[in-house]
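Note sheet for the following structure.
Predicted model, so just to flag it, every value in this text is computed and none were measured. Index from 1, following the sequence.
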Amino acid sequence: MALRVVQWATGGVGMAAIKGVLEHPALELVGCWVHSEGKAGRDVGEIIGTEPLGVETTRDIDDILGLDADAVIYAPLLPNPEEVAALLRSGKNVVTPVGWVYPSERQGAPLREAALAGNATLHGTGIAPGGISEKFPLLFSVFSTGVTFVRAEEFSDLRTYDAPDVLRHVMGFGEVPDKALSGPMQKLLDGGFMQAVKMCVDQFGFAADPKIRSRQEIAVATAPIDSPLGAIQPGQVAGRRFHWEALRGEQVVVRVTVNWLMGEENLDPPWTFGPQGQRYEMQVCGNPDFDVVIKGFQGEVGETGPEPGVVATAAHCVNSIPAVCAAEPGIATYLDLPLFSAKAAPHLR
């Protein structure tokens, strides 16, 4: 019997997740919650640009709570813990890329209680945080001993991110530096990335300060830069860099960094991606030291189609569903789940 799956929200991740569910041999799409009135009451196939699927969208959470479903891929822009708790209490396992990768006891307590009440499981996943930032550094670290430092870092060109309102009003691009630095982005990122750092600290066994240090840097345009939100003018924010660090005394033992640039020209400071271009990097210092570079999750300017990293985020959610549904009730992190993988394309099965 296929596991019955609901998709919650149909932004970039949600659209890719629906397609992933349709390709997965162990999953069946049975429901879909949408945010906008314009998408409500339509066949999901119409939303994703395929033939009708026989699944109608809804904006009513009660419709979703009443469905006979095994799992929900919960992928709104921002999480609502009350919605997640309601889904869990209704007996539905929840997989989400918007939080709870490695929550503290206090952070996770209300949702753990809801999950236990519904005999369900919550799993936070994604790409960064949710994969590159903690799961894969831990995985690759088995090839070293005596670890002294761990780094995970993203280098992305945000000119491929076609969401102008999010870029300006949430991420702070095109704003003056003071407004960007005091905007919501740091706080929005802190929750997930601090959990990623804490997972690494705990699993490596570093005797680090429990407080994770966060800091941010800004680069401004020195000449007009074309971007999805229009031309970014001189003096406006065109690059952002965020760091999260765990320290043992004065020594940084775990660092996660995000580099978001509107290209590599006309920036002050003159930040670049370096000769390797857009990528994710992981570094482990120990015996031996090594680096891992992953390319392919960032699109190139001018390419059409969904951003590869968005599709990868959705895929990580989709592929985790069977393991999450089989897990003990409560909150399951990567540390609680077995190894799982993608499945072969339909025409090769």
Salt bridge (Lys or Arg N to Asp or Glu O under 4.0 Å) partners of E46, counting only residues at least two apart | R42

Measure the shortest side-chain to side-chain distance between R151 and D291 over non-hydrogen atoms and say whether it is less than 4.5 angstrom.
-> yes

Is the closest basic N to carboxylate O distance between R255 and E153 below 4.0 Å?
-> no

Evaluate the criterion side-chain contact (heavy atoms from CB on, under 4.5 Å) for residue pair V147 and V284; output intermediate values, then yes/no.
-> CA-CA 7 Å; V147 174; V284 173; 3.9 Å; yes

Might you work through the salt bridge (charged side-chain N to carboxylate O under 4.0 Å, His left out) test for R112 and E105, ending with a clear yes or no?
-> CA-CA 9 Å; R112 184 175 292 104; E105 185 64 33; 3.4 Å; yes

Are there more than 12 heavy atoms of other residues, nucleotides or ligands under 6.0 Å from atom CD of E113?
-> no

Does a donor on one side chain and an acceptor on the other come within less than 3.5 Å for E154 and W260?
-> yes

Shortest non-hydrogen contact from L138 toward Q203 | CD2-CB, 3.5 Å

So OG1 of T148 and CZ of R248: to nearest 0.5 Å the spacing works out to 12.0 Å

Going only through I, L, V, M, F, W and Y residues with side-chain contacts under 4.5 Å, is there a path from F149 to W244?
-> no

Can you find a pair of side-chain heavy atoms, one from L167 and one from P228, that are under 4.5 Å apart?
-> yes

Same cluster (ILVMFWY, side-chain, under 4.5 Å), V197 and V101 | yes

Looking at A9 and A75, what are the two nearest heavy atoms and their distance?
-> CB-O, 3.4 Å

Any chance CD of E328 has more than 12 other-residue heavy atoms, nucleotides or ligands included, within less than 6.0 Å?
-> no

Taking it one step at a time, do I48 and L53 satisfy side-chain contact (heavy atoms from CB on, under 4.5 Å)?
-> CA-CA 10 Å; I48 66 170; L53 300 176; 4.2 Å; yes

Side-chain heavy atoms under 4.5 angstrom apart, residues restricted to Ile, Leu, Val, Met, Phe, Trp, Tyr: same cluster for V21 and F340?
-> yes

Of all heavy-atom pairs between W100 and P79, which one has the smallest distance, and what is that distance?
-> CH2-CB, 3.8 Å

Okay, side chain of R89, backbone of A114: is any donor-acceptor separation there less than 3.5 Å?
-> no

Can we say D209 and K211 salt-bridge, meaning some charged N sits less than 4.0 Å from an Asp/Glu carboxylate O?
-> no

Is there side-chain contact between I294 and M282, with heavy atoms separated by less than 4.5 Å?
-> yes

Test item: D162 and P164 side chains (from C-beta on) under 4.5 Å apart, heavy atoms = yes

Test item: K92 side-chain N/O and L65 main-chain N/O as donor-acceptor pair under 3.5 Å = yes

Report yes or no: does R240 contribute a side-chain atom to a donor-acceptor pair with the main-chain N or O of M185 at less than 3.5 Å?
-> no

For residues G172 and V237, report the shortest heavy-atom separation together with the two atoms involved.
-> O-CB, 3.6 Å

Ignoring hydrogens and geometry, is there a side-chain-to-backbone donor-acceptor pair from S133 to G130 under 3.5 Å?
-> no

Validation row: I321, V324 side chains within 4.5 angstrom (heavy atoms) = no

Mind checking whether W8 and L87 have side chains closer than 4.5 Å, heavy atoms only?
-> yes

N/O donor-acceptor pair under 3.5 Å between N93 side chain and D70 backbone = yes

For the hydrophobic clusters of this structure (ILVMFWY residues joined by side-chain heavy atoms under 4.5 Å, transitively), does one cluster hold both V5 and V318?
-> yes

Rounded to the nearest 0.5 Å, what's the gap from CG on D289 to CD on Q283? Could you check?
-> 7.5 Å

Check whether more than 12 heavy atoms from other residues, nucleotides or ligands sit under 6.0 Å from atom NE2 of H243, and answer yes or no.
-> yes

Hey, what do you get for CD (Q186) to CD (Q216), rounding to the nearest 0.5 Å?
-> 4.5 Å

For the pair T121 (side chain) and I331 (backbone), establish whether a donor and an acceptor sit closer than 3.5 Å, ignoring hydrogens and angles.
-> no

A327 and A332: which non-hydrogen atoms are nearest, and at how many Å?
-> CB-CB, 4.4 Å

Dump the intermediate steps for side-chain contact (heavy atoms from CB on, under 4.5 Å) on E217 and W271, then the final yes or no.
-> CA-CA 11 Å; E217 303 172 73; W271 294 345; 3.8 Å; yes

Look only at the side chain of T125 and the backbone of P97, and say whether a donor-acceptor pair between them is shorter than 3.5 Å.
-> no

Taking C-beta and beyond as the side chain, do I127 and Y280 meet within less than 4.5 Å on heavy atoms?
-> yes

Given E303 and T160, is the side-chain hydrogen bond (donor to acceptor under 3.5 Å, both in side chains) satisfied, shown in steps?
-> CA-CA 8 Å; E303 289 182 346; T160 66; over 6 Å; no

Taking atom NZ of K343 and atom NE2 of H24, what is their separation to the nearest 0.5 Å?
-> 5.5 Å

Taking the six-membered ring for Trp, are H316 and Y334 parallel (under 30°), tilted (30 to 60°) or perpendicular (over 60°)?
-> parallel

Quick one: CG on D60 to OG1 on T57, what's the gap to the nearest 0.5 Å?
-> 12.0 Å

So do L158 and S227 actually touch side chain to side chain, heavy atoms under 4.5 Å?
-> no

Do the two ring centres, one from W33 and one from Y74, sit under 6.0 Å apart?
-> no

Counting only N and O atoms by type, is there a donor-acceptor contact under 3.5 Å from the side chain of E264 to the main-chain atoms of F273?
-> yes

From D62 atom CG to S90 atom OG, the distance as rounded to the nearest 0.5 Å = 10.5 Å

Does any N or O in the side chain of K295 come within less than 3.5 Å of the main-chain N or O of Q278, such that one atom is a donor and the other an acceptor?
-> yes

Heavy atoms from other residues, nucleotides or ligands near CZ of R106 exceed 12 (cutoff 6.0 Å) | no

Heavy-atom closest pair, residues C32 and V44 | CB-CG2, 3.6 Å

Is there a donor-acceptor pair closer than 3.5 Å between any side-chain N or O of E134 and the backbone N or O of A196?
-> no

Is there a side-chain contact (heavy atoms from CB on, under 4.5 Å) between Y161 and E307 once you walk through the steps?
-> CA-CA 8 Å; Y161 188 42; E307 178 75 6; over 6 Å; no

Does D190 CG have over 12 foreign heavy atoms under 6.0 Å away?
-> yes

Cluster question for you: counting only ILVMFWY and a side-chain heavy-atom cut-off of under 4.5 Å, with indirect links fine, are L188 and V258 together?
-> yes

